[in-house]
Number of protein chains: 2
Amino acid sequence: MAAEPLTREQVLAAAEEALRRYGPTKMNVVDVAQALGVSHGSVYRHFPTKAALRAAVVRKGLEKKAAQLLPIAEESGPAADRLHRWLLALIEFKQRLAREDPELFGAHAVVDKDDAALVREHVGVLTGQIARILEDGVDSGEFRGSALEGSALAIWHATTRFHHPAHRYEWTDPKIGEDFERVWTLILDGLT
Amino acid sequence: MAAEPLTREQVLAAAEEALRRYGPTKMNVVDVAQALGVSHGSVYRHFPTKAALRAAVVRKGLEKKAAQLLPIAEESGPAADRLHRWLLALIEFKQRLAREDPELFGAHAVVDKDDAALVREHVGVLTGQIARILEDGVDSGEFRGSALEGSALAIWHATTRFHHPAHRYEWTDPKIGEDFERVWTLILDGLT
DNA sequence: GGAATGACAGATGTCAATATTTGTCAGCCG
DNA sequence: CGGCTGACAAATATTGACATCTGTCATTCC
């Protein structure tokens with residue numbers, strides 16, 4: 001054919017679509033290939049396994065999320081307010097995905113379970129952003145200056161209930177926002 | 001028969017044993033009845049459904065846990081230290097159960113999912129104990145005195161990762177203790 | 001008459017046969 | 001050649017016939 005060769009990006013996009021439509025269990029690589037007008041063998045030219053393909057889609061989503069959050073981490077202005085908004089944005093992102101693309105979110109949950117390296121990396125990126133805000137806060141005298149890296153991780157874990165997929169069923173509880181604000185208050189008191 | 005009639009307590013004990021042995025999915029009421037030398041119809045004299053029986057066993061376990069923790073909440077002495085020990089005891093209890101009686105712990109997880117009322121009640125009892133420690137801390141001037149009830153809940157939620165069944169697979173991570181201590185530091189800083 | 005039984009219908013679970021899907025690779029095609 | 005195909009074996013999922021379990025209740029027992 002004179003047509004361009006299949007690219008990794010195309011496969012990724014088709015896989016994302018399939019994942020969104022059918023979810024992590026029903027999505028299969030023959031369908032993905034079909035959507036691209038290609039045999040499934042070709043998909044394996046770009047990704048070694050189905051799990052790798054799924055993980056790549058999820059990784060893309062995580063990177064997108066980190067990119068959305070980064071501006072807040074890099075803003076100037078009161079660190080406390082930024083951290084608050086950053087956490088809210090994080091939670092909003094996850095909870096929106098869970099609500100609007102439950103199948104795709106299911107894929108996130110699956111990868112979360114069996115690709116520890118990817119989640120470690122992602123947690124590293126996000127706690128890095130938290131740490132950045134904390135540093136600013138310490139520099140400006142807003143926060144006390146103890147254990148920056150450790151605090152970032154502590155904040156991450158203390159808010160687990162609000163962003164970890166395992167708790168998605170609790171997110172429909174109308175009190176969830178209130179609960180978060182309580183934890184936020186606790187965290188803020190710990191920082192200032 | 002001249003023998004004593006079957007008691008609720010006996011059924012509960014047999015059910016606990018069955019649950020421990022076979023887990024929440026394989027345990028069945030015919031076996032429970034058989035262990036008691038009784039027909040399964042008799043079990044239904046004491047519990048309306050299998051789910052209710054399972055929930056009753058779990059409730060008993062939760063009450064036992066709350067009872068074990070209560071002394072720490074009621075001690076006198078430095079509140080910060082007591083709260084720390086209380087949380088460690090809570091976590092230790094859950095993690096030990098998960099390790100040593102995984103089937104029974106599985107029953108806890110199941111009930112957690114579909115008996116919201118029971119977990120609400122249990123969370124209420126435990127946050128009550130936290131609140132008690134907090135009050136002591138405020139009275140002694142150890143803690144600042146803002147929003148006692150709310151703080152108790154906030155502490156509960158901030159430590160979710162360390163006591164919620166959904167996270168049991170993370171408990172084998174050797175860093176889990178370190179992670180908890182980081183969150184504890186954050187909480188403590190927020191209180192003092 | 002209060003407690004227990006056991007036969008029963010409907011729900012739920014099991015398991016083995018069957019079908020789909022994954023991942024490989026020798027060969028085709030432009 | 002580089003990129004793609006499609007036939008294939010092995011792994012995984014689905015189905016449906018069958019077995020077990022749940023929950024009820026008319027009846028029996030002491």
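Below, read A as the first sequence line, B as the second, and so on, with proteins coming before strands; counting in each chain starts at 1.
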Provide a list of protein-nucleic acid N or O atom pairs under 3.5 angstrom, restricted to nucleotides 11-14 of chain C.
residue	atom	partner	partner atom	Å
C/dT14	OP1	B/Lys26	NZ	3.0

Classify the ring geometry between [X] and [Y] as parallel (under 30°), tilted (30 to 60°) or perpendicular (over 60°).
X        : Y        : answer
A/His108 : A/Phe105 : parallel
A/Phe162 : A/Phe180 : perpendicular
A/His167 : A/His164 : perpendicular

Q.
So B/His84 and B/Leu88, do their side chains get closer than 4.5 Å, heavy atoms only?
A. yes
Q: If a protein heavy atom is under 4.0 Å from the base, mark B; if only from the sugar-phosphate, S; if neither, -; do that for nucleotides 4-9 of chain D going 5' to 3'.
A: BBBB--
Could you tell me the separation between the [atom1] atom of [X] and the [atom2] atom of [N], rounded to a whole number of Å?
X       : N      : atom1 : atom2 : value
A/Met27 : D/dA13 : CE    : P     : 14 Å
A/Asn28 : C/dT20 : CG    : C1'   : 9 Å
B/Gln34 : C/dA4  : CD    : C1'   : 16 Å
B/Tyr44 : D/dT24 : OH    : P     : 8 Å
B/Asp31 : D/dC21 : CG    : P     : 7 Å

Q.
Need one value for A/Val30: base, sugar-phosphate or nothing, where a base atom within 4.0 Å counts as base even if backbone is also close, heavy atoms only.
A. base
Q: Test salt bridge (Lys or Arg N to Asp or Glu O under 4.0 Å) on A/Arg59 and A/Glu121 and set out the steps.
A: CA-CA 10 Å; A/Arg59 167 187 290 268; A/Glu121 181 193 330; 3.3 Å; yes
Q: Among A/Val32, A/Val29, A/Leu6, A/Val11, find the one that has a side-chain contact (heavy atoms from CB on, under 4.5 Å) with A/Ser42.
A: A/Leu6
Q) Hey, are B/Arg21 and B/Glu103 close enough for a salt bridge, meaning a charged N less than 4.0 Å from a carboxylate O? A) no
Q: Flag yes if more than 12 heavy atoms outside B/Arg99 fall under 6.0 Å of its CZ atom; otherwise flag no.
A: yes
**Q.** Other residues, nucleotides, ligands: >12 heavy atoms within 6.0 Å of A/Arg144 CZ
**A.** yes
Q) Once you round to the nearest 0.5 Å, how far does CG of B/Asp136 lie from CD of B/Glu142? A) 9.0 Å
Q: Check the pair A/Arg161 / B/His157 against side chain to side chain donor-acceptor pair (under 3.5 Å), numbers first and verdict last.
A: CA-CA 7 Å; A/Arg161 188 165 100 104; B/His157 286 145; 3.3 Å; yes
**Q.** Proximity to DNA chain C (any heavy atom under 4.0 Å), residues of residues 47-56 of chain A only
**A.** A/Thr49, A/Lys50
